[in-house]
Engineer: 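Have a look at the structure that comes next, please.
Fair warning: this is a prediction, and the values are worked out from it, not measured in the lab. Every chain is numbered from 1, with letters handed out A, B, ... down the list of sequences.
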Amino acid sequence: MALDETVCGSCGRFVGAYEKCPYCGATVSKRLSIKIFRYGSLILSIAGVLILYLISLKREIPLININEISPTMNFAYIRVRGIVVRYPLFDEKSGSLTIHINDGTDELILKAYRNVALKIKELNRIPKIGDIIDVEGNIRLRGSLKTLTINVPEKVKIIESPVIEIDLNNISDDFLNKKIKSSGIVSDLRFYKNYISLFIKDRKGKNKVRVPINLNQFNEKLPELNIGDEIQVEGLLSYYSKNYNILISSASNIKKISKKPIVFSLAIENVTKNDLNRIVSIKGEIKKIRKFSKGIELTVNDGSGNISVVLWNNIYEKIKEKDSINEGVLVSVVGKVGLYKNKLQIVPALPQNFNIVKKEVKKSEKIIEKKIGEINEDDKGSILKIEGEVESYFNFSKGRRLTLNDGTGSIDIILWNDLLNELEDAEYIIKGSRISVKGKVSEYKNKLEIIPKYTSDIEVKELNKNLSPRNLESK
Amino acid sequence: MNFLNFIIYSFAGVLIASIVSLIPALHVYNIAGLIILISLNYKNLIPSEYLPVFMMSMIVTYSFLNIIPSIFLGAPDDSTIFVVLPGQKYMLEGRGFEAVVVSNIGSLVGIIFLFISTPFLFVFLPKIGKILTPHMFWILTLILVYMILSEWPKGMERAKTRLGNFWDAWKSLLAGILTLILSGFLGIIIFNKSLLPLDISFQNIMPAFVGLFAVPWIITNILSKVKIPKQYICKTVDLNFNLIMRGGVAGFLGGMFAAFFPVVTGGIGGLLAGHATAQRDERIFVLSQGVSKTVYYVGAFLLFFVPSLNVTRGGLAWMISPFYTPHTINDYLIALGTMLFAAGLSFLITFAYSKFVIKIVEKIDYTIISYFVLAFIVLLVFYLTGFMGILIMLVSTMIGLIPVMFNSRRMNCLGILLIPIILNMSGLGPKVALFLGLIK
């Protein structure tokens, strides 16, 4: 049974530290040791807590490298300093704030919840991507996930990162997770919902760098950008999806340097494989149109040569005058030079990079001399000049039809009455006469014919004076 | 997962926990921390996929067996403090073995309830968690207020003056409130400043807990010089299905409440469940506390494996979370299987262990055991946390002695967790820390 002062001397029950038995009310004498512990614990506990408090006041919060955080450091209250490497996320619904930082040794996720997150927002201490943040909090480790929970909004300090000015061709892994400033020419612009993927290159069309723009991140308006614009970009350098990326923190991080797009205007014959990935500008006439499932391919000719222009469906559908894209139309194209099946092509990245200069082209501007036997379906719409002997002719109500033969073949010539009436030698243009005709090739009842428009288009080379048209009603 | 390895690591967990459980005042969490540190140095000692198996076996066994030192060696942790009085009554009446059996049945009932509640854990608990999470702050505040208000004046003196009577009635309550304030203040310091070496931070609360709960009890035992009366080994227990169900439901509610709510321990859960279900029968009390502590310890750890819940509750889950992350329902099923396997073993060995301890305490001076345990705990704290850990343990011991010496609730020592967490959840934590100069 229990002994001494822990047992009631009167009833024999266990009373522990009671000085009065809770069962019978008898006084239980206590030895000094119990009394010492009773009051000693009071004094020493207060003194001890005060000592620990004073020690803690002297303690500095240790600044730790992220890679030094080990699993046994779970719950440690530490300080870290690193650059913000992803866009901070403030979730209004759950009231939580998530920030990813990297201190050059490793990456760490900072978390703040509810009141703390709201207070950080209120204090305007949510950092921007590329900012350096100095913060204190409790380490939380779960599997391979390292997080630091921010408890005190006031301990979030934002320090502006130094900006390294660098040429695009000097960008390397050494500058990863550092804030850089670089300039280049916009080579590609891809638009998504609330997101733009912008690519820049140097003037040689090399060293492609991506500038992803999340439109939800900014309130400011981005400058209007076009392919070929020379821009300066300031932001955090990262590597993602096989590309260096410059992550901007605000729209003002993109500045347009050139007033006009820097585009290399070239004659088609001068576009070579050396221009691959370069942005060039060409002007020419659409010679051929080929549709395929993902877009259309135009063969454009500027007199010096042919080149393919590929309009992907997403671009083609947004071209305002797309219905006017026909053969013979004069167009100007700005796009990146590419190579497909060893054939050069130009690919516009924006609808505005494809413009129709003239919807109809006067074929008379270019007169082609041909033998009649060489004329074929491809010449439809072309202005040809031919010479031959009138094989036969036929007058009808609106004019005269001649059949001209140059020894290589024959073709019909239509002379409308308005032309015929003005033509001085009209009466001599009969069978046996030799004439030269300039006119547009067209087709009637599956047969090609040439229609001169002006009196100057007909030149009588040799007359058959033995025959008078008045005496002849038909051939 | 290899079945043989599963058995080996389960047995290992049961074995180590059964040794730990017999050392009064030594907590399974202290040893778990030590094992984690050792296994970090010896990578192949416990492969990460068997870490949950080993730890689950340990926690299950501990939750069954820790009733033995609570009853025979009088050194409970915070989750068993409610068992002490009725348990010690049993022991002093020579019925300590019966109390162990009743509590053991309660633990088994708790395991069965946990197994049955699997659909609840997967389907309803995530939804309940989603609803309750934003309200945690005021729920915990209410619990704290309830803890304070539910303790009544205990004066026995018939003093000569009114003031004397008032002081006698209120001194234990005031001591309780002082304990709450001091432990809360200590918690604020520990949570805001890393006093321990950084690489042992996962054990930052350990020296404080040892000081608040373990050491005061060992000191009390040394001072009180209790001698264990002859114990009767019973063949039957005075329980029926009705009592088991009443105690089981009350205990499960308390245990689950403690397991699910952050910071709330088995002791607090037991208090709330006991009051809520108004169970006055001592048998139900002991049984429901057996259920409650098992559901609290094992349930909190089991929640860690529920994929859709994504919560970390209880010291053990927090300790292994940096080393192991459950991902699939398969991980939960392995944890569940380990729980059942270890529970079966633990239920059986509790009887043998109880008889063994009865023989030991009848033959060996309990004071000597207490001295050995005290020395071991001090060495463990020093090994794990160094001089600063010893200082924190000493200060905490002084705080932990206040409720023991003034007969107030030792549960007030949980202010070390409750107060800083409530302050942080309310958004007042940083302001208090700034005011105290802990944050500059």
Engineer: Checking heavy atoms, do the side chain of Leu434(B), its backbone, both or neither come under 4.5 Å from chain A?
Structural biologist: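 Leu434(B) touches chain A through side-chain heavy atoms alone.
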Engineer: Does atom CG of Asn124(A) have more than 12 heavy-atom neighbours from other groups under 6.0 Å away?
Structural biologist: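 Counting neighbours around CG of Asn124(A), 12 or fewer heavy atoms of other residues, nucleotides or ligands fall under 6.0 Å, so no.
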Engineer: Mark yes when over 12 heavy atoms from residues, nucleotides or ligands other than Tyr383(B) sit less than 6.0 Å from its OH; otherwise mark no.
Structural biologist: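 No - once you tally the heavy atoms of other residues, nucleotides and ligands closer than 6.0 Å, there are 12 at most.
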Engineer: Measuring heavy-atom distances to chain B, does Glu68(A) have an atom under 4.5 Å in its side chain, in its backbone, in both, or in neither?
Structural biologist: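 For Glu68(A), neither part sits under 4.5 Å from chain B.
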Engineer: Of all the heavy-atom pairs spanning Phe191(B) and Tyr77(A), show the shortest one and how long it is.
Structural biologist: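 Phe191(B) and Tyr77(A) have their closest heavy atoms at O-CD1, 3.8 Å.
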Engineer: Under a 4.5 Å cut-off applied to non-hydrogen side-chain atoms, are Leu438(B) and Ser56(A) in contact?
Structural biologist: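 Yes - at least one pair of side-chain heavy atoms lies under 4.5 Å apart.
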Engineer: Is it the side chain or the backbone of Met319(B) that comes within 4.5 Å of chain A heavy atoms, both, or neither?
Structural biologist: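 Contact with chain A involves no heavy atom of Met319(B) at all.
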Engineer: Which one wins on heavy-atom pair count under 4.5 Å against chain A: Leu40(B), Ile190(B), Asn192(B)?
Structural biologist: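 Ranked by contacts with chain A, first place is Asn192(B).
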Engineer: May I ask you to list the residues in residues 108-123 of chain A that approach chain B closer than 4.5 angstrom, counting heavy atoms only, ordered by number?
Structural biologist: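 If one takes a 4.5 Å heavy-atom cut-off, the residues of residues 108-123 of chain A near chain B are Arg114(A), Asn115(A).
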Engineer: So which of Phe323(B), Trp318(B), Phe202(B) has the largest heavy-atom pair count under 4.5 angstrom toward chain A?
Structural biologist: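 Of the candidates given, the most pairs with chain A belong to Phe202(B).
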Engineer: Starting from the C-alpha separation in whole Å, work towards a yes-or-no answer on side-chain contact (heavy atoms from CB on, under 4.5 Å) for Ile55(A) and Leu391(B).
Structural biologist: CA-CA 11 Å; Ile55(A) 291 170; Leu391(B) 181 61; 3.6 Å; yes
Engineer: Name the region of Phe304(B), side chain, backbone, both or neither, that has any atom closer than 4.5 Å to a heavy atom of chain A.
Structural biologist: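 For Phe304(B), the contact with chain A is made by backbone and side chain together.
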Engineer: Are there residues of residues 41-52 of chain A that reach to under 4.5 Å of chain B by heavy atoms, and which ones?
Structural biologist: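 Expected list: Ser41(A), Leu42(A), Leu44(A), Ser45(A), Ile46(A), Gly48(A), Val49(A), Leu52(A).
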Engineer: Give, as side chain, backbone, both or neither, the part of Ser426(B) having an atom under 4.5 angstrom from any heavy atom of chain A.
Structural biologist: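 Backbone of Ser426(B) only, per the 4.5 Å heavy-atom cut-off to chain A.
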Engineer: Looking only at atom types and distance, does a side-chain atom of Tyr53(A) sit under 3.5 Å from a main-chain N or O of Phe185(B), one as donor and one as acceptor?
Structural biologist: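 It does not hold such a pair.
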Engineer: Could you tell me the separation between the CZ atom of Arg142(A) and the OH atom of Tyr324(B), rounded to the nearest 0.5 Å?
Structural biologist: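 Arg142(A) atom CZ to Tyr324(B) atom OH measures 10.5 Å (nearest 0.5 Å).
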Engineer: Could you look at Ile36(B) and say if it's the side chain, the backbone, both or neither that has a heavy atom under 4.5 Å from chain A?
Structural biologist: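 Contact with chain A: none, neither part.
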Engineer: Taking all non-hydrogen atoms of both residues, which atom of Lys193(B) and which atom of Arg59(A) are closest, and how far apart?
Structural biologist: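 The pair with the smallest heavy-atom distance is NZ-O, 3.0 Å.
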Engineer: Measuring heavy-atom distances to chain A, does Leu198(B) have an atom under 4.5 Å in its side chain, in its backbone, in both, or in neither?
Structural biologist: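 Backbone plus side chain of Leu198(B), per the 4.5 Å heavy-atom cut-off to chain A.
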Engineer: Tell me whether Thr72(A) contacts the main-chain N or O of Asp199(B) through its side chain, where contact means a donor paired with an acceptor under 3.5 Å.
Structural biologist: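 Looks like yes, one N/O pair under 3.5 Å.
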Engineer: Should we say atom CD of Glu160(A) is surrounded by more than 12 heavy atoms from elsewhere, each under 6.0 Å from it?
Structural biologist: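 Incorrect, the count does not exceed 12.
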Engineer: Checking the side chain of Ser194(B) only, and the main-chain atoms of Ile61(A) only, is there a donor and an acceptor separated by less than 3.5 Å?
Structural biologist: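 Pair absent, no side-chain N/O of Ser194(B) close to backbone of Ile61(A).
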Engineer: Quick one: what part of Leu436(B) sits under 4.5 Å from any heavy atom of chain A, side chain, backbone, both or neither?
Structural biologist: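 Both parts, backbone and side chain.
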Engineer: Might you confirm whether atom NZ of Lys128(A) has over 12 heavy atoms from other residues, nucleotides or ligands at distances under 6.0 Å?
Structural biologist: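 Atom NZ in Lys128(A) is not packed in, count stays at 12 or less.
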Engineer: Leu37(B) versus chain A, heavy atoms under 4.5 Å apart: side chain, backbone, both or neither?
Structural biologist: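 Only the side chain of Leu37(B) comes within 4.5 Å of chain A.
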Engineer: How long is the straight-line distance from OG of Ser321(B) back to CG of Asn74(A), given to the nearest 0.5 Å?
Structural biologist: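 These two atoms lie 5.0 Å from each other.
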